[in-house]
Amino acid sequence: MTKTWRNIRGAFDILPWASVADGAAVPGSAAWRYVEDAIRQTMARFRFEEIRTPILEEEGLIARGVGEGTDIVAKEMFVVDRGRDRYVLRPEVTAPVMRAWLQHRLEQRGGVQRLYYIGPCFRAERPQKGRYRQFHQFGCEIVGSDDPRADAEAIALMLTVYDAFGVTGSRLRINTLGLPEERRRYAAALRDWLEPHRNALSETGRRRLDKNPLRLLDTKDEREQALLRDAPLLVDFTGEPTRSRYESVKQCLDEAGIDFEEDAMLVRGLDYYMHTAFELDSPDLGAQSALAGGGRYDLLGAALGSDRPAPGTGFAAGMERLFLALDAQGLSVPETASLDVFLVALGRDAQQWAFREAQRLRREGASASFDLKGRSMKAQMREAHRQGALFALIAGESELAAGVVQLKNMDSGEQTQLPADAAPTHILQCLGDARANDAPVSIPSP
RNA sequence: GUGACCGUAGCUCAGUCGGUUAGAGCGCCAGGUUGUGGCCCUGGAGGUCGUGGGUUCAAUUCCCAUCGGUCACCCCA
């Protein structure tokens with residue numbers, strides 16, 4: 001075998017059918033479309049509007065927005081070098097959305113912008129379950145409001161998306177990260193507190209202690225978790241405004257009947273988060289347990305050089321992980337509609353007829369298909385069946401000469417002869433009847 | 001970037017303690033039905049056993065490297 005080209009590491013093709021590639025379940029394009037549509041519907045119910053930003057952004061935007069010190073910026077970005085300019089494939093969408101908000105002065109549109117996005121992002125990490133180099137995120141950004149209810153709104157929207165799919169068993173954790181000064185004071189205090197226990201920490205724990213003590217909080221090492229149980233908490237380093245805004249968020253969630261756990265150990269990896277932080281975990285995802293997460297980022301605008309206040313809050317969620325959760329819970333997605341008519345033709349003239357007739361049916365709104373290989377009738381009938389055709393419209397040379405065609409109901413098997421001219425009208429009428437009582441078909445998903 | 005495991009038909013996998021033509025199921029194609037699908041029967045196509053090198057009389061099988069995959073670490077939505 002000569003070289004067969006294949007998609008690059010960490011990316012994958014979404015094929016017309018649900019397929020399994022190299023052991024990893026990859027949903028088909030129909031499943032993707034279904035899930036994307038359902039997400040859009042939920043977003044629309046919350047009256048969020050879609051924003052689509054370029055896949056490519058200036059490197060500086062991401063570096064400043066996401067944070068120079070983050071791993072994403074330090075080593076996980078795909079850079080496109082155009083000589084004078086350096087672009088990156090976006091690793092996340094919040095910074096681009098903020099860029100668009102600032103660039104287009106969206107605050108002048110009046111009111112608060114409730115925006116959502118859905119699309120691919122890129123990170124040059126080693127792939128792993130639920131984690132790819134080209135991955136797909138959806139999420140919302142509420143820009144222009146620093147109201148605690150906006151945080152609750154983002155959380156409510158996030159949960160509603162998963163509810164709409166029937167995903168259960170996931171856990172919402174929330175925390176406050178306070179203001180940057182409060183966090184700095186806390187980080188210093190935490191470091192001081194941990195320093196005497198340095199020897200009890202793992203190697204990576206010690207590295208985090210030096211680099212970013214807050215990151216120690218979400219350690220998976222049980223010994224470290226036990227140790228941290230007695231560590232100082234961030235809340236104790238926050239002032240009254242921070243605490244009361246955190247209380248407001250929690251109160252909103254309570255009033256909306258949203259269950260959550262407070263988790264003082266929850267921290268976020270990106271620099272722009274402050275105040276409210278939250279994460280949604282699923283028990284079904286393996287090591288990458290986060291379905292979605294988010295928080296408030298009131299200083300992101302300033303980090304991008306804006307002198308206008310640009311308070312914002314939102315969540316980001318992974319499509320691939322949503323699929324994993326759907327799959328783990330045995331939820332399926334409906335398959336797309338079946339084919340209305342398959343035209344079966346025998347002979348050259350009949351093939352021309354089938355082509356013309358298909359166009360005519362399609363113009364009338366029916367879906368129609370036909371064979372493109374000049375195959376036997378048996379093969380064409382098999383194809384019609386495989387495509388789930390409701391009707392087969394059959395014609396050979398003799399029929400055409402006589403001005404008639406055969407219409408076969410693929411379900412009942414009954415077949416009738418019709419004048420060729422009358423066939424389309426008749427079919428459309430039959431389809432109308434059939435549509436009245438069609439039911440969505442279920443396929444085993446992802 | 002690090003580690004572990006894995007790499008045989010389109011897919012899921014057997015198999016060879018190193019030895020003549022490498023198998024199954026599903027799928028695909030065709031025939032059984034000289035113009036009619038699903039079920040059934042029969043047949044066929046499709047593999048340089050990921051690639052390169054080494055050991056050997058002989059390698060798909062053993063060894064090394066490499067590429068690719070999976071999972072995990074790091075880190076993170």
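Values below: all heavy atoms of this structure, side chains included; hydrogens, waters and symmetry mates excluded. The structure displayed is predicted, hence computed values, not measured ones. Every chain is numbered from 1, with letters handed out A, B, ... down the list of sequences.
Taking atom P in both B/rG52 and B/rU60, one finds a spacing of 10 Å when rounded to whole Å. For the C1' atoms, the distance linking B/rA22 with B/rG3 amounts to 34 Å, nearest Å. Taking atom P in both B/rU66 and B/rA9, one finds a spacing of 24 Å when rounded to whole Å. Across the P atoms, B/rG54 and B/rA14 are found 31 Å apart, a figure rounded to whole Å. The same atom, P, is picked in B/rU51 and in B/rG7; the two are 13 Å apart, to the nearest Å. Nucleotides B/rG27 and B/rC67 place their C1' atoms 29 Å apart, quoted to the nearest Å. The C1' atoms of B/rG44 and B/rC63 are separated by 40 Å, rounded to the nearest whole Å. Annotation: B/rG23 and B/rG68 have their C1' atoms spaced 25 Å apart (nearest Å).
For RNA chain B, the residues of residues 394-414 of chain A within the heavy-atom distance limit of 4.0 Å (strictly under) are A/I394, A/S398, A/E399, A/K408, A/M410, A/D411, A/G413, sorted by number. In the region residues 40-51 of chain A, proximity to RNA chain B at under 4.0 angstrom, judged on heavy atoms, holds for none of the residues.
Remark: the A/Q415 side chain and the B/rU36 base include a donor-acceptor N/O pair separated by less than 3.5 Å.
Between A/R47 atom CZ and A/Y116 atom OH the span is 11.5 Å, to the nearest 0.5 Å. Rounding to the nearest 0.5 Å places CD1 of A/I62 at 10.0 Å from CG of A/L56. Taking CG from A/L190 and CG from A/L217, the interatomic distance works out to 5.5 Å, rounded to the nearest 0.5 Å.
A donor-acceptor contact under 3.5 angstrom links the side chains of A/R90 and A/T53, judged on distance only. Between the side chains of A/Y297 and A/E141, at least one donor-acceptor pair of N or O atoms lies under 3.5 Å. Counted by atom type alone, A/E399 and A/Q406 present one or more donor-acceptor pairs between their side chains at under 3.5 Å.
When rounded to the nearest whole Å, the span between CD of A/E76 and P of B/rC74 equals 13 Å. Put simply, CG on A/D371 is 14 Å from C1' on B/rG35, counting in whole angstrom units. To the nearest angstrom, P of B/rG37 lies 18 Å from CG of A/L339. Atom-to-atom, CG of A/L393 to P of B/rU36 comes out at 17 Å; the value is rounded to the nearest Å. For A/L217 and B/rC75, the CG to P distance is 13 Å, given to the nearest whole Å. B/rU36 atom C1' lies 14 Å from atom CD of A/Q417, rounded to whole Å. Atom-to-atom, CZ of A/F12 to P of B/rG69 comes out at 13 Å; the value is rounded to the nearest Å. Residue A/R133 contributes atom CZ, which lies 11 Å from atom P of B/rU70 at whole-angstrom precision.
In this structure, the aromatic ring of A/F138 is not positioned over the six-membered ring of the base of B/rA77 within 5.5 Å between centres and 30° between planes.
Within the 3.5 Å criterion, the main-chain N or O of A/L266 finds no donor-acceptor partner in the side chain of A/E279. Side-chain atoms of A/Q387 do not come within 3.5 Å of backbone N or O of A/R382 as any donor-acceptor pair.
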Using the side chain to side chain contact (heavy atoms under 4.5 Å, CB included) rule, take A/L234 and A/R183 through it: C-alpha gap first, then chi angles, then the decisive distance, then the call. CA-CA 7 Å; A/L234 198 155; A/R183 211 171 351 157; 4.1 Å; yes

Could you list all N or O pairs between the protein and nucleotides 43-45 of chain B that sit under 3.5 Å apart?
none

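The residue A/G318 sits close to a base: some heavy atom pair falls under 4.0 Å. Using a 4.0 Å heavy-atom criterion, one finds that A/R123 contacts the bases of the nucleic acid, with or without backbone contacts as well. Residue contacts for A/Q380: at a heavy-atom cut-off of 4.0 Å it reaches no nucleic acid atom on any strand shown.
Two residues, A/A290 and A/P127, neighbour RNA chain B, and the one matched to the more 5' nucleotide by heavy-atom proximity is A/P127.
The pair A/E125-A/R133 fails the salt-bridge criterion, with no side-chain N (NZ, NE, NH1 or NH2) lying under 4.0 Å from an Asp/Glu carboxylate O. Using a cut-off of 4.0 Å between Lys/Arg side-chain N and Asp/Glu carboxylate O, A/K408 and A/E414 are scored as not salt-bridged. Using a cut-off of 4.0 Å between Lys/Arg side-chain N and Asp/Glu carboxylate O, A/E195 and A/R198 are scored as salt-bridged. At a threshold of 4.0 Å, the pair A/E262-A/R173 does not count as salt-bridged, since none of the basic side-chain nitrogens sits closer than that to a carboxylate oxygen. Ion pairing of A/R184 with A/E182 is absent here, as no side-chain N (NZ or NE/NH1/NH2) approaches a carboxylate O to less than 4.0 Å. Using a cut-off of 4.0 Å between Lys/Arg side-chain N and Asp/Glu carboxylate O, A/R375 and A/E383 are scored as salt-bridged.
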Would you be so kind as to tabulate the donor-acceptor pairs closer than 3.5 Å made by side chains of residues 151-166 of chain A, with sequence neighbours excluded?
from	atom 1	to	atom 2	distance (Å)
A/D151	OD1	A/R296	NE	3.0
A/D151	OD1	A/R296	NH2	3.2
A/D151	OD1	A/T313	OG1	2.6
A/D151	OD2	A/R245	NH1	3.0
A/D151	OD2	A/T276	OG1	2.9
A/D151	OD2	A/R296	NE	3.2
A/E153	OE2	A/R114	NE	2.8
A/E153	OE2	A/R114	NH2	3.1
A/T160	OG1	A/A156	O	2.6
A/Y162	OH	A/L291	O	3.4

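With B/rU36, B/rC75, B/rG38 as the choices, the nucleotide that has an atom nearest any side-chain atom of A/H385 turns out to be B/rG38. Here the side chain of A/K129 is nearest to one of B/rC75, B/rG69, B/rC71, namely B/rC71.
Side-chain contact between A/L393 and A/E357: present, with at least one pair of heavy atoms (C-beta onward) separated by less than 4.5 Å.
A close approach under 4.0 Å does occur between a side-chain nitrogen or oxygen of A/Q128 and OP1 or OP2 of B/rC73.
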Heavy-atom protein contacts under 4.0 Å, nucleotides 26-31 of chain B, coded B base, S sugar-phosphate only, - none: --SSS-

Bracket notation of RNA chain B in which parentheses pair within the strand, [ ] cross earlier pairs, and | pairs with another strand (Watson-Crick or G-U, under 3.5 Å): (((((((..((((.....[...)))).(((((.......))))).....(((((..]....))))))))))))....

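The aromatic rings of A/F323 and A/W32 sit tilted relative to each other, their planes meeting at an angle between 30° and 60°.
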